[in-house]
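Worksheet: the structure to be examined is printed underneath.
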Amino acid sequence: MRLQLPNPGLEDRILSHEELDKLETEEAGRGDRPKWDNKTQYMLTCVGFCVGLGNVWRFPYLCQSHGGGAFMIPFLILLVLEGVPLLHLEFAIGQRLRKGSLGVWSTIHPYLAGVGIASMFVSLMISLYYNTIMAWVMWYLFNSFQETLPWSQCPLNYNLTGLVSECEQSSPVDYFWYRETLNTTPDIGANGGLQWWMVLCLVSAWAVLYICIIRGIETTGKAVYVTSTLPYVVLSIFLIRGLTLKGSLSGVVFLFTPNLTELTNPTTWLDAGAQVFYSFSIAFGGLISFSSYNSVHNNCEQDAVIISAVNGFTSVYAATVIYTIIGFRATERFDNCLGGNILALLNTFDLPEGNVTESNYDQVLQSLNGTYPEVIQGLNLKTCDLNTFLSEGVEGTGLAFIVFTEAITKMPASPVWSVLFFIMLFCLGLSSMFGNIEGVLVPLQDLGVFPKSWPKESTTGITCVLCCIVGLIFVQGSGNYWLSLFDSFAGSIPLLIIAFCEMVGVVYLYGIDRFNDDIEFMIGHKPNFFWQITWRFLSPAIMLVIFVFYFITKVTETLLYKTWNPESENFPTLEEKPYPAWIYVIIFILAGIPSLAVPGTALFRCTPVCIKNCNAAGFFTLNSFPCVFFIYFTRQVS
Amino acid sequence: MHCCSHIILLFGQAICTVGDNCYRAVTFLKEGMLVWILFLLCQVGAPALAQDLCQRDAPNGYKVRISLKTALGEDAYEWNQSEMFFFQATMAFAMRRHFQMETYNVDNIILCVQTSRVSFWFVVTSPDNTTMLIPKADVEKAVRMSRHRINNAFLLSDRTLEFLGIYPTLAATVNPDTPPWLIVFGVVIGAVCAGIIALLVSSLLQKRRKEKGMTEDGQDEEDMQVKGVENGINLDGTYNRGFTDDDRFTKL
């Protein structure tokens with residue numbers, strides 16, 4: 001069943017195989033297309049783009065909350081059925097057509113240019129807020145070069161009579177994050193003004209990014225030797241350190257204990273699919289660009305499999321490391337809780353020290369409760385349960401900036417561990433930013449926004465400066481809320497639509513036969529049955545299912561956001577508030593415009609052709625009725 | 001026990017003056033019993049007097065709680081009467097240090113309600129009048145002044161030697177003039193700016209060199225061939241123009 005949509009003129013738009021070979025044999029240095037210095041640079045750049053912050057702070061949370069070791073099953077299945085085929089597709093099409101994302105889709109069919117534009121828009125939105133996270137990481141990194149970490153203790157209040165009340169009610173790490181870093185307002189409407197220290201950190205984040213991408217892959221290729229390998233070194237150091245801490249093994253055991261009943265829950269499969277999809281950074285356009293700088297006969301099939309395997313392995317490895325530290329923190333909290341209870345009992349009943357220990361605590365409590373129940377009631381002893389502390393599952397910025405930083409303050413030589421941790425996060429994020437920015441810069445060049453005579457340094461410079469200025473939204477008082485808004489809407493639904501259109505475009509518009517021949521030309525053998533099945537049916541079907549479920553859940557749920565409000569009743573628990581009405585306009589811009597760019601550009605390209613056909617076919621015949629509508633609509637709009 | 005001996009002597013004197021030889025045998029027995037009863041009473045009475053001053057929840061007393069095992073672990077010493085005496089001495093020292101005129105003694109510090117926790121109550125009596133207690137506020141001031149010395153005497157800290165009701169003063173945080181993060185930021189941004197400038201300058205130089213090289217190449221190649229220079233080597237002989245490329249001229 002080879003469904004092939006009509007695609008006239010495709011031959012004229014693409015280079016034939018002979019022309020590609022000729023391009024290969026001509027001297028390097030000729031032609032204005034950049035090239036990788038060696039295969040290692042290319043692999044490290046792709047690995048760096050795929051492996052990002054999500055592997056460290058999203059996957060462990062999903063793993064633990066969806067049945068531990070059992071989560072590996074849907075994750076691995078969907079990795080193989082969804083991640084690897086999509087990756088191979090993007091690599092192959094980029095290597096074959098030798099253009100960035102916009103160029104590739106315009107070449108396949110002019111109406112598909114919308115996919116490229118949507119990719120560019122999504123990459124732009126994500127670059128804006130992702131670098132703000134880098135700014136936060138840099139702030140913590142700068143603050144780690146002190147003997148006592150500033151988030152280990154509460155500051156004194158103005159009169160020096162006690163601790164600051166906001167800090168006393170919550171915790172030093174919460175206070176440092178919400179007040180001294182973000183200076184967050186209680187509401188997204190109250191913008192709180194620019195926080196100057198965050199502006200400095202944002203500027204430094206964009207400056208570091210600029211120096212790495214200043215000459216395109218010439219400089220990026222050198223930077224990835226450090227940014228892609230350092231996270232693995234640091235993770236290994238943390239693993240060794242973590243395993244020597246008390247309670248780390250209970251964390252790892254808790255993470256991987258399988259709960260097979262979770263497999264029957266559809267949310268598990270949905271979350272696994274979404275995690276695989278977002279983790280691979282597909283549909284950003286960056287991978288297509290990177291792959292297009294390769295030589296034509298590079299083995300993209302092998303690359304796709306290797307990178308998928310590395311990505312999967314990194315997720316599991318990072319989860320293990322994170323949970324050794326979380327296990328240590330939970331055990332520490334449990335010991336403190338129990339210690340506090342024991343001290344209360346000793347003090348109230350004047351028992352000698354050492355009479356009540358962790359082992360006989362329950363017996364003693366029971367006997368005392370029997371004899372003095374009212375006194376025990378009055379003490380308000382807390383229930384201490386290790387599993388509760390372990391399942392305080394946190395993800396995202398909460399994991400990195402609150403939970404992990406707290407655990408670090410309890411380790412000896414905290415500044416060292418803090419510096420290592422934040423350097424690792426910075427490298428992970430920076431290598432992902434390379435791909436994001438590539439997905440923005442190359443389409444801008446293809447669209448001709450910058451004159452061709454301008455050097456690459458100035459185009460990257462202007463893009464960085466403009467993004468930095470727009471990114472100032474995220475360093476206001478309410479910046480954190482804007483960031484999670486962008487994260488939820490700009491980076492979710494449009495990507496699913498783009499990926500679906502990519503698959504359909506390549507398989508049915510470009511033609512699976514032609515694609516198979518191309519791959520045979522490039523790597524020497526035709527893609528086997530597995531690739532055929534996944535490209536043609538399985539992967540698009542999985543994309544469609546995830547998209548439908550995602551869309552339904554997002555549209556039906558009432559949109560709430562969590563705020564840090566010192567005046568709320570349940571402080572320090574985050575207060576949930578509904579979004580104000582004008583936010584819905586912003587959400588529509590974020591999610592709607594990229595999604596609508598796909599059909600919109602098709603329409604835009606289609607109208608001149610339609611008008612021409614209509615004029616030829618004559619008015620008022622049944623066939624030309626849609627044409628009349630198009631003409632009317634475009635005339636009203638223009 | 002001074003008061004006991006005083007009381008017994010007084011009563012003894014009183015009985016002796018009353019009685020005379022006839023009563024001596026009877027009164028001798030009574031005397032003995034009385035003395036014995038008085039002695040017993042003294043033993044109970046003197047502390048009972050002190051007990052009235054020092055009791056649980058005494059209005060002018062403080063409860064002290066000591067956590068030796070938490071502070072010292074295996075090196076914890078045993079809390080015995082000698083340690084209690086040491087505490088009295090330390091408190092007397094603290095009172096002397098605060099009220100510089102008055103000479104407090106170990107007897108002025110009265111301890112009671114000892115438990116195995118270890119915790120006890122204490123009150124401080126005035127050196128001039130042993131029935132008068134020093135008010136709570138003054139004791140607090142004395143303790144606060146010498147808290148560090150008292151802690152060090154017992155190898156304990158504010159947390160492990162607690163005076164319930166006297167809160168430890170908070171340590172003032174050291175605030176450096178320039179926040180340390182600003183220094184690191186300065187270093188990083190300086191390095192990055194230097195790198196950017198270096199890269200921009202080097203690419204400008206490269207471009208200029210390329211442009212110069214290209215214009216020179218375009219003119220010089222033909223001249224070099226004519227002059228007999230090929231690949232930079234001067235060749236002897238004249239160059240035969242008949243063998244030049246005629247591509248510049250239009251083909252027929």
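Just so it is clear: chains get the letters A, B, ... in the order the sequence lines come, proteins before strands, and each one is counted from 1. Just so you know, these numbers come straight off a predicted model, no measurement behind them.
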Completion exercise
In short, B:Lys207 meets A:Pro455 closest at the heavy-atom pair NZ-CB, 4.1 Å
Handout entry: Distance, nearest 0.5 Å, that separates CD1 of A:Ile211 from SG of B:Cys193
Key = 8.5 Å
Handout entry: From CG (A:Leu346) to OG (B:Ser67), nearest 0.5 Å
Key = 8.5 Å
Problem - Crowding at OH, B:Tyr77 (>12 non-hydrogen neighbours, <6.0 Å) - result: yes
Fill in the blank from the handout: Under 4.5 Å to a heavy atom of chain B? For A:Trp197 that would be both
Problem - Greater than 12 external heavy atoms within 6.0 Å of B:Arg97's CZ - result: yes
Problem - Residue B:Val192 versus chain A: region with a heavy atom under 4.5 Å - result: both
Handout entry: Side chain proximity check, B:Ser203 to A:Glu218, heavy atoms < 4.5 angstrom
Key = no
Practice task
Among B:Leu200, B:Ile189, B:Leu199, single out the residue with the greatest number of heavy-atom pairs under 4.5 Å to chain A.
Solution key: B:Leu199
Exercise for the section: Side chain from CB out, backbone as N, CA, C, O: work out which of these in B:Ile197 comes under 4.5 Å of a heavy atom of chain A, or both, or neither. Expected result: neither
Handout entry: Donor-acceptor pair, side chain of A:Glu353 and main chain of B:Leu68, under 3.5 angstrom
Key = yes
Problem - Distance-minimising heavy-atom pair for A:Met138 and B:Val188 - result: CE-CG1, 4.2 Å
Fill in the blank from the handout: Of A:Val203, A:Leu163, A:Leu351, the largest count of non-hydrogen pairs under 4.5 angstrom with chain B goes to A:Leu351
Exercise for the section: Locate the shortest heavy-atom distance separating A:Leu200 from B:Phe185; write the atom from each residue and the value. Expected result: O-CE1, 3.3 Å
Problem - Non-hydrogen atoms of A:Asp350 and B:Ser119 that approach each other most closely - result: OD1-OG, 3.1 Å
Problem - OH/A:Tyr225: more than 12 non-hydrogen atoms of other groups inside 6.0 Å - result: yes
Completion exercise
Between B:Arg117 and A:Asn347 the two heavy atoms that sit nearest each other are NH2-OD1, 2.7 Å
Exercise for the section: Quick one: sort the A:Phe142 and B:Trp181 rings into parallel, tilted or perpendicular, breaks at 30° and 60°. Expected result: parallel
Handout entry: Selection from B:Leu182, B:Thr70, B:Ile196 maximising heavy-atom pairs under 4.5 Å formed with chain A
Key = B:Ile196
